[in-house]
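Only this structure's heavy atoms are used, side chains among them; waters, hydrogens and symmetry mates stay out.
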Amino acid sequence: MRLKITDARAMIESALAANGYTADEPATIADHLMDCELRGLGYAGLARAVAIIEHDRRSNLTRRAITIRHESAVSASLDGGDDLGYLVAMRATGMAITKAQASGIGIVGASRTHFTGMFSYYLERVTAAGLVGMIAGSGPSAVAPHGGTEPRFSTNPIAFGFPSDGLPVIWDISTSSITHAEVLLAMRLGEPLPSGSAFDAEGNATTDPSKVLGGGAMATWGGHRGSGLALSVQLLSMMAGQHNVHGPYPEPGDFGYLITAIDPGLFGSADEFRRSVSAYVEQIRQTRPLDPGTPVRLPFERSVKIRERTLAQGHIEVADRVVETLLAFAKQTSSGG
């Protein structure tokens, strides 16, 4: 179904407002989800809004205020209060930026939250402030380590962001072969998963998303290298306070989020660093390509071009079933949050 961008955003906000989100929360969440849609990541856009509301309705979690457990001039540890990660991560990101601007570095960890979304969304804010950023996140078990078939890791994304005089350099990946959002959307639409990306509860390879969500596991990205990276991300997130690594995915929610923001001015001239990043990026772009018709590109560049093109055309394409479900949620109220 084709939707105007403004209508899609309003649909998300209406559905969230009808299901327990108040004040500026629907707008904050919708901005993140729509950025995913604009960048061609539909599984993390309106489909994720449906997943959020479904999660809230069937979970026994009660949202509480986000609180600070420990804090110093350069660090903080947040209890997310079982609130949605899009809200918790925005709070943590803002604190990390403020601390880095004041002290040169800011490290903020958060736990007791769920669904933190696309890390590049937060890193755009970090790099816009002239800072270097790194984010690591994890959650309950959903991914098998290399050589195994039972879930032990979460999808464990990790991301880095660097300011430049042009586009920031942002690299944001999941350490699983596919994301949980992709599995959910495939099940909703009755579509198979890519071959070799998942296992069922008995340890057999499967392309059936329902079998993955019914006690199976996703595979790691990058074989033993990706598995080692996933382990490292999991441990970083545990340092942030996330400990429920063996619970069912994605409920109950206990996701970890650890963000580090660094002022490059700690090591010299921040302006010179940005110029150096820009110059190095240009060297990479000028690399002789394997395919003469496909020049070498930097991470995040394609995503920005898709966003610009989508904004120019003014509409997005969303699966009918997702739109119908979200419209139904907008007409219903839930006592849960």
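- Remark: the Glu25 side chain and the Thr28 side chain contain no N/O donor-acceptor pair separated by less than 3.5 Å.
- Within the 3.5 Å criterion, the main-chain N or O of Asn204 finds no donor-acceptor partner in the side chain of Glu202.
- Using modelled atom types, no side-chain atom of Ser120 and backbone atom of Leu123 make a donor-acceptor pair closer than 3.5 Å.
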Self-check item: Verdict with reasoning, Tyr122 to Thr116, per side chain to side chain donor-acceptor pair (under 3.5 Å)
Solution: CA-CA 10 Å; Tyr122 307 112; Thr116 47; 5.8 Å; no
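- Met218 has its side chain out of reach of Ser197: every pair of non-hydrogen atoms, C-beta onward, lies at least 4.5 Å apart.
- In this structure, the side chain of Asp200 engages the main chain of Gly203 through a donor-acceptor pair within 3.5 Å.
- Within the 4.5 Å cutoff, the side chain of Met118 has heavy atoms near those of the Leu41 side chain.
- At a threshold of 4.0 Å, the pair Arg39-Glu308 does not count as salt-bridged, since none of the basic side-chain nitrogens sits closer than that to a carboxylate oxygen.
- For the atom pair CZ (Arg48) and CD1 (Ile29), the distance works out to 11.5 Å, reported to the nearest 0.5 Å.
- Comment: Asp35 does not engage Arg125 in a salt bridge, judged by the lack of any side-chain N to carboxylate O separation of less than 4.0 angstrom.
- At a cut-off of 3.5 Å, with distance as the only test, no side-chain donor of Arg2 or Gln313 sits close to an acceptor on the other residue.
- Cluster annotation: Ile173 is not connected to Ile135 through the hydrophobic network of ILVMFWY side chains, with a link wherever side-chain heavy atoms come within less than 4.5 Å.
- A salt bridge links Arg152 to Glu150: at least one charged side-chain nitrogen sits closer than 4.0 Å to a carboxylate oxygen.
- Ring geometry for Phe273 versus Phe162: interplanar angle of 30 to 60°, hence tilted.
- Here CG of Asp83 is found 10.5 Å from CG of Leu61. Values are rounded to the nearest 0.5 Å.
- Judged purely by atom type and a 3.5 angstrom limit, Ser103 has no side-chain atom pairing as donor or acceptor with the backbone of Ala100.
- Distance alone, capped at 3.5 Å, places no donor-acceptor pair between the Glu182 side chain and the Tyr43 backbone.
- For the atom pair Arg285 CZ and Arg297 CZ, the distance stands at 11.5 Å (nearest 0.5 Å).
- Closest approach of Val143 and Ser176 over heavy atoms only: CG2-CB, 3.7 Å.
- Side-chain heavy atoms closer than 4.5 Å link hydrophobic residues (I, L, V, M, F, W, Y) into clusters, and following such links, even through other members, never connects Phe255 to Leu258.
- Applying the 6.0 Å contact sphere to CZ of Arg275 captures more than 12 heavy atoms from other residues, nucleotides or ligands.
- Counting heavy atoms from C-beta outward, His55 and His114 have side chains that approach closer than 4.5 Å.
- For the atom pair NE2 of His180 and CG of Leu213, the computed distance is 5.0 Å after rounding to the nearest 0.5 Å.
- Residues Asp172 and Tyr121 fail the side-chain proximity criterion, which asks for heavy atoms closer than 4.5 Å.
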Practice problem: Kindly determine whether Leu229 and Arg225 satisfy side chain to side chain contact (heavy atoms under 4.5 Å, CB included), including the steps that lead there. | Solution: CA-CA 6 Å; Leu229 183 58; Arg225 293 179 178 85; over 6 Å; no
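- Taking the six-membered ring wherever Trp is involved, the centroid distance between the rings of Phe300 and Phe160 does not fall below 6.0 Å.
- Between Ile66 and Gly80, the shortest heavy-atom contact is CG1-O, 3.8 Å.
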Exercise. Give the intermediate values and the outcome of side chain to side chain contact (heavy atoms under 4.5 Å, CB included) for residues Ile107 and Val74.
Key: CA-CA 6 Å; Ile107 305 175; Val74 298; over 6 Å; no
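- Residue Ala230 comes nearest to Phe153 through the heavy atom pair CB-CD1, 3.6 Å, listed as atom of the first residue, atom of the second, then distance.
- Residues Val126 and Ile262 do not share a hydrophobic cluster, clusters being chains of Ile/Leu/Val/Met/Phe/Trp/Tyr side chains in contact below 4.5 Å.
- Proximity of a side-chain donor or acceptor of His70 to a complementary backbone N or O of Ile68 within less than 3.5 Å is not detected.
- Contact check for Tyr21 versus Asp56: side-chain heavy atoms found under the 4.5 Å cut-off.
- When atom types are taken as modelled, the side chain of Ser174 and the backbone of Thr155 share a donor-acceptor pair closer than 3.5 angstrom.
- Looking at Leu46 and Val50, their side chains never come closer than 4.5 Å, going by heavy atoms from C-beta outward.
- Shortest non-hydrogen contact noted between Leu78 and Arg91 is CD1-CG, 3.9 Å.
- Within a 6.0 Å sphere centred on CG of Leu290, heavy atoms belonging to other residues, nucleotides or ligands number 12 at most.
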Practice problem: Start with the C-alpha distance between Leu236 and Met239, add both sets of side-chain angles, then the distance that settles side chain to side chain contact (heavy atoms under 4.5 Å, CB included), and finish with yes or no. | Solution: CA-CA 5 Å; Leu236 283 170; Met239 184 171 68; 4.1 Å; yes
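- Counting heavy atoms from C-beta outward, Val132 and Pro163 have side chains that approach closer than 4.5 Å.
- At distances below 3.5 Å, at least one donor-acceptor pair connects side-chain atoms of Thr310 with backbone N or O atoms of Ile306.
- Annotation for Ala261 and Ala96: closest pair CB-O, 3.8 Å, computed over non-hydrogen atoms.
- The distance from atom OG of Ser138 to atom OH of Tyr257, rounded to the nearest 0.5 Å, is 13.0 Å.
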Practice problem: In sequence, state the C-alpha distance, the side-chain angles, and the governing distance for Val322 and Leu185, and then conclude on side chain to side chain contact (heavy atoms under 4.5 Å, CB included). | Solution: CA-CA 9 Å; Val322 170; Leu185 183 57; 4.0 Å; yes
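- For Asp208 and Ser210, the side-chain atoms include at least one donor-acceptor pair closer than 3.5 Å.
- To the nearest 0.5 Å, atoms CD (Glu37) and CD1 (Ile316) are separated by 4.0 Å.
- There is a path of hydrophobic side-chain contacts, each under 4.5 Å, that joins Leu87 to Met34.
- Residues Arg274 and Asp271 meet the side-chain proximity criterion, which asks for heavy atoms closer than 4.5 Å.
- A 6.0 Å sphere centred on CZ of Arg64 holds more than 12 heavy atoms belonging to other residues, nucleotides or ligands.
- The pair Arg112-Asp254 fails the salt-bridge criterion, with no side-chain N (NZ, NE, NH1 or NH2) lying under 4.0 Å from an Asp/Glu carboxylate O.
- The hydrophobic clustering, which links ILVMFWY residues whose side-chain heavy atoms are closer than 4.5 Å, places Leu38 and Ile12 together.
- Ring orientation note: the planes of His32 and Tyr86 are nearly perpendicular, at an angle over 60° on the 30°/60° scale.
- Contact record, Gly214 with Ala201: O-CB, 4.0 Å, taken as the closest heavy-atom pair.
- Arg307 and Glu124 are joined by a salt bridge, as a carboxylate oxygen and a charged side-chain nitrogen come within less than 4.0 angstrom of each other.
- With salt bridges taken as basic N to acidic carboxylate O contacts below 4.0 Å, one links Arg188 and Glu54.
- In this structure, Glu301 contributes its side chain and Leu298 its backbone to a donor-acceptor pair below 3.5 Å.
- For Glu71 and Lys99, the salt-bridge test passes: some basic side-chain N is under 4.0 Å from an acidic carboxylate O.
- Between Arg9 and Asp31, at least one side-chain N (NZ, or NE/NH1/NH2) sits under 4.0 Å from a carboxylate O, which counts as a salt bridge.
- No side-chain donor-acceptor contact under 3.5 Å links Asp82 to the backbone of Thr113.
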